[in-house]
Amino acid sequence: MSADTAPRPPSADPEAQTPPVLRADSVEVAFTAGFAPGGGRGIARAVDGVHLDVRPGEIVALVGESGCGKTTLARTLLGLERPTAGRVLFEGEPLRYRSRDLRAYRRRVQLVQQDPMGSLNPRRTVYESVVEGLRVHEGTTVDEPERVERALSRAGLRPPERFLSRYPHELSGGQRQRVVIAGALVLDPEVLVADEPVASLDASVRGEILRLLLELRDELGLSALVATHDLGLAWNIADRVAVMYLGRVVELGTVEEVLSAPAHPYTRALLSVLPDSDVEEGPVVLSGEPPDPEQVPSGCRFHPRCPILASGEAERAGVADRCSSVDPEILGGGAERRVACHWAAADGSGRLLERAT
């Protein structure tokens with residue numbers, strides 16, 4: 001696993017019954033795109049039936065290749081995209097999409113974007129960037145300067161007065177990302193949704209930002225959903241991991257369960273290329289590109305690229321026909337370990353178990 005971050009935190013108790021603070025309940029997001037065979041507009045299923053819970057004080061890593069739907073799911077959880085089907089729940093209540101309701105919701109669920117240089121206005125000082133959300137939600141308040149300084153201090157920019165009058169070009173990449181995080185913290189949110197929060201940063205500062213997210217979780221009780229393609233990042237920061245492929249979560253569990261003993265062939269392939277991987281067969285290079293979300297394959301959506309099916313292991317387990325014809329059950333989003341794979345659900349004799357464990 002990647003070693004450029006702080007030690008991984010203790011994982012969440014999979015038996016914990018704490019109600020989720022944020023939940024995706026059968027969420028689907030489809031876009032009109034291109035043309036369907038025979039004429040008419042095509043439908044791209046970017047998110048295709050996702051259940052996912054984020055509990056108080058928990059960090060969930062949503063991992064997968066580019067184009068798997070993780071950013072669309074993150075935007076949907078933020079209320080920036082409206083689900084085609086299913087719903088988003090916050091503290092057990094369905095998200096409402098009236099302007100007033102979204103305004104109140106986005107105060108409590110904040111976004112941390114991937115590219116700090118792109119998300120900060122180069123003409124605004126650090127103070128002006130951090131205070132913007134506060135003024136949008138509350139107007140100008142007498143304690144505004146103190147709240148901005150407190151947010152900067154929480155984000156690790158200390159002493160905060162050194163940074164208030166600086167512009168983005170005067171900061172390092174790590175400092176810019178801390179300003180973005182401070183802009184989220186100034187509203188005292190309960191959940192952060194971070195989309196590739198360290199992808200644009202040098203390796204030397206990645207660990208510092210990840211350590212900051214862990215400190216915020218421990219000190220403020222913040223929950224976080226972190227969308228990333230980096231399984232090393234997930235190992236170092238997450239309590240639970242959800243692996244996403246072509247719009248659907250295909251493996252879910254604690255970080256130790258999923259990354260120490262991956263069950264889905266897709267997860268095994270992603271892990272196999274890490275430098276410190278323990279996957280026995282060595283690096284696995286998947287053939288081809290992920291299928292077009294306008295034309296999701298029949299059966300298991302991963303089967304056209306599945307090395308288990310290609311090697312004959314699925315045939316020996318007696319599940320090859322199911323792989324190409326039967327869509328695995330959509331996974332629930334709770335704390336229990338879950339895998340959407342016919343091969344992983346079969347025992348050594350090829351007998352299908354009732355559920356994947």
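Below, each value reflects all heavy atoms present in this structure, side chains not excepted, and no hydrogens, waters or symmetry copies. The residues of the chain are indexed from 1 along the displayed sequence.
Here OH of Y245 is found 10.0 Å from CG of L270. Values are rounded to the nearest 0.5 Å. Separation of atoms OG (S172) and CG (D202) is listed at 9.0 Å; rounding is to 0.5 Å. R248 contributes atom CZ, which lies 9.0 Å from atom NE2 of H51 (distance to the nearest 0.5 angstrom). Separating the CZ atom in R154 from the CZ atom in R178 is a distance of 15.0 Å, to the nearest 0.5 Å. Distance check, rounded to the nearest 0.5 Å: CD of E219 to CG of L214 gives 10.5 Å. Taken to the nearest 0.5 Å, the CG atom of L187 stands 5.0 Å off from the NE2 atom of H137.
Side-chain contact between K70 and V63: absent, with no pair of heavy atoms (C-beta onward) separated by less than 4.5 Å. Under the 4.5 Å side-chain criterion, counting only non-hydrogen atoms from C-beta, L22 is not in contact with L225. L246 places a side-chain heavy atom less than 4.5 Å from the side chain of P291. The shortest distance between side-chain heavy atoms of R217 and D239 falls below 4.5 Å. Looking at E28 and R45, their side chains never come closer than 4.5 Å, going by heavy atoms from C-beta outward. Residues P197 and V226 have side chains in contact (heavy-atom distance under 4.5 Å, counting atoms from C-beta outward). Side-chain contact between L95 and L102 is present, with heavy atoms from C-beta onward closer than 4.5 Å. Using a 4.5 Å heavy-atom cutoff, the side chains of T125 and L164 are not in contact.
The two atoms that bring E256 and W235 nearest to each other are CA-CZ3, 4.2 Å, heavy atoms only. Annotation for V179 and S129: closest pair CG1-CB, 4.4 Å, computed over non-hydrogen atoms. Shown here for L331 and L252, the closest heavy-atom pair between the two residues is CD1-N, 4.4 Å. The two residues P83 and Y97 make their nearest non-hydrogen contact at CD-OH, 3.1 Å. In plain terms, the two heavy atoms of L152 and A182 that are nearest each other are CD2-CB, 3.8 Å. Nearest approach of P265 to P307, heavy atoms of both residues: CB-CD, 4.5 Å.
The aromatic rings of Y266 and H264 lie perpendicular to each other, with more than 60° between the two planes, well past the 30° mark.
Between the E208 side chain and the V205 main chain, no donor and acceptor come within less than 3.5 Å of each other. Here the side chain of R240 pairs a donor or acceptor atom with the backbone of G334 at under 3.5 angstrom. Although no hydrogens or angles enter the test, the distance criterion places no donor-acceptor pair under 3.5 Å between the side chain of S200 and the main chain of D115. Listed for the H342 side chain is no donor-acceptor partner under 3.5 Å among the backbone atoms of D321. A distance-only check finds no donor-acceptor pair linking the side chain of S260 to the backbone of E257 [under 3.5 Å]. Proximity of a side-chain donor or acceptor of S223 to a complementary backbone N or O of G57 within less than 3.5 Å is detected. Looking only at distances, no side-chain donor or acceptor of E93 sits under 3.5 Å from a matching main-chain atom of L89. A donor-acceptor pair under 3.5 Å links the side-chain atoms of S272 to the main chain of A269, judged by distance alone. T140 places no side-chain N or O within donor-acceptor distance of the main-chain N or O of R135, the cut-off being under 3.5 Å.
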* Asked: What's the verdict on side chain to side chain contact (heavy atoms under 4.5 Å, CB included) for L171 and V126, showing C-alpha distance, side-chain angles and the deciding distance?
  -> CA-CA 10 Å; L171 305 174; V126 167; 3.8 Å; yes
* Start with the C-alpha distance between R106 and L111, add both sets of side-chain angles, then the distance that settles side chain to side chain contact (heavy atoms under 4.5 Å, CB included), and finish with yes or no. => CA-CA 9 Å; R106 289 174 184 156; L111 170 67; over 6 Å; no
* Apply side chain to side chain contact (heavy atoms under 4.5 Å, CB included) to the pair V180 and L120, showing each step before the final yes or no. => CA-CA 7 Å; V180 171; L120 294 174; 4.0 Å; yes
* I308 and F302: side chain to side chain contact (heavy atoms under 4.5 Å, CB included), yes or no, with the steps? -> CA-CA 10 Å; I308 297 297; F302 183 60; over 6 Å; no
* Begin from the C-alpha positions of Y127 and E144 and carry the test side chain to side chain donor-acceptor pair (under 3.5 Å) through to its verdict. => CA-CA 10 Å; Y127 183 93; E144 177 184 286; 2.6 Å; yes
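Following chains of ILVMFWY side-chain contacts shorter than 4.5 Å, one cannot reach V60 starting from I237, and the two form parts of different hydrophobic clusters. Linking ILVMFWY side-chain heavy atoms closer than 4.5 Å, directly or via other members, places L222 and F90 in two distinct hydrophobic clusters. Hydrophobic clustering, with ILVMFWY side chains joined whenever heavy atoms are under 4.5 angstrom apart, groups Y105 together with V191. V112 and L77 fall into different hydrophobic clusters, where Ile, Leu, Val, Met, Phe, Trp and Tyr side chains are chained together by heavy-atom contacts under 4.5 Å. At a threshold of 4.5 Å between side-chain heavy atoms, the hydrophobic network of Ile, Leu, Val, Met, Phe, Trp and Tyr places L216 and V109 in two separate groups.
Remark: T141 pairs with D143 by the side-chain hydrogen bond (donor to acceptor under 3.5 Å, both in side chains) rule, at least two apart or across chains. Scored by the side-chain contact (heavy atoms from CB on, under 4.5 Å) test, F31 finds V29, A46, T72, E81 as partners (sequence neighbours excluded). Judged as a ring-ring contact (aromatic ring centres under 6.0 Å, His included), and not counting sequence neighbours, F163 has no contacts.
Salt-bridge annotation for R268 and E251: absent, with no side-chain N of the basic residue lying under 4.0 Å from a carboxylate O of the acidic one.
Atom CZ of R176 sits in a crowded spot, with more than 12 heavy atoms from other residues, nucleotides or ligands closer than 6.0 Å. More than 12 heavy atoms of other residues, nucleotides or ligands sit less than 6.0 Å from atom CD of E313.
No hydrogens or angles considered: a donor-acceptor pair under 3.5 Å links the side chains of T71 and D195. With hydrogens and angles left out, the side-chain atoms of S287 and R305 include no donor and acceptor closer than 3.5 Å.
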